[in-house]
Amino acid sequence: MAIREILTVPNPVLKEISQPVEQVDDALRALMDDMLETMYEADGIGLAAIQVGVPKRVIVMDLSGPEEKAEPKFFVNPVLSDPSEDKRPYDEGCLSVPGYYETIERPEKIKLTYLDYDGNEVEEIAEGMFATCIQHEMDHLEGVLFIDYLSRLKRQRAVQKVKKFEKEKGRDAA
Ligand code: ZN
């Protein structure tokens with residue numbers, strides 16, 4: 001396993017639309033292992049392949065958090081359907097928009113089908129935090145970031161904040 005570089009805004013690769021995976025094989029599992037390790041290392045709970053520059057429909061997630069690492073989940077070619085009318089607000093963040101958080105409302109409950117780590121078809125209902133997170137990650141596959149739901153002014157402010165955050169991080173590391 002290896003830690004990969006996470007792309008941040010305004011990197012144009014993040015706007016690319018990810019392509020379906022043809023086969024869940026060892027090469028794909030190696031990518032998913034790298035993604036999981038990269039996500040834990042960055043203190044995240046979800047990561048889409050495009051965030052490490054790979055335009056494939058692959059998502060990793062662990063809602064137990066980077067400390068516990070108890071519930072790693074892998075989603076290949078995920079499809080969402082039947083969103084609930086009830087919405088859930090959540091203060092979202094994103095590893096590609098580090099240091100910025102904003103409340104986004106998404107359906108509270110949604111149906112989800114995907115292939116798992118072994119290529120098995122899975123169908124389940126995502127609710128609460130799981131629903132919020134999978135919808136956020138699914139957006140990445142379409143080149144959409146949570147800041148795209150904000151006003152243009154707020155979005156520009158977010159990108160500025162990320163640039164400043166990255167500069168300060170670079171200085172700390174130096
Ligand atoms: Zn994100």
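First listed ligand is number 1; within each ligand, the first listed atom is number 1.
Screening Glu137, Arg106, Arg88, Glu92 for a side-chain hydrogen bond (donor to acceptor under 3.5 Å, both in side chains) with Thr132, the sole residue that qualifies is Arg88. Of the options Val76, Val122, Val24, a side-chain contact (heavy atoms from CB on, under 4.5 Å) to Asp116 is made by Val122 and by none of the others.
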Can you give me every donor-acceptor pair (side chain of residues 44-51, partner residue at least two apart or in another chain, under 3.5 Å) with its distance?
from	atom 1	to	atom 2	distance (Å)
Gln51	OE1	Ala48	N	2.8
Gln51	NE2	Ser96	OG	3.0

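Under 2.8 Å from the Zn ion (ligand 1), one finds the following protein N/O/S atoms: Cys94 SG, His136 NE2, His140 NE2.
Glu105 and Tyr90 are not linked by any side-chain donor-acceptor pair at a separation below 3.5 angstrom, with hydrogens and angles left out of the test. Between the side chains of Asp62 and Ser64, at least one donor-acceptor pair of N or O atoms lies under 3.5 Å.
The neighbour count for Lys109 NZ, taken as heavy atoms of other residues, nucleotides or ligands under 6.0 Å away, does not exceed 12.
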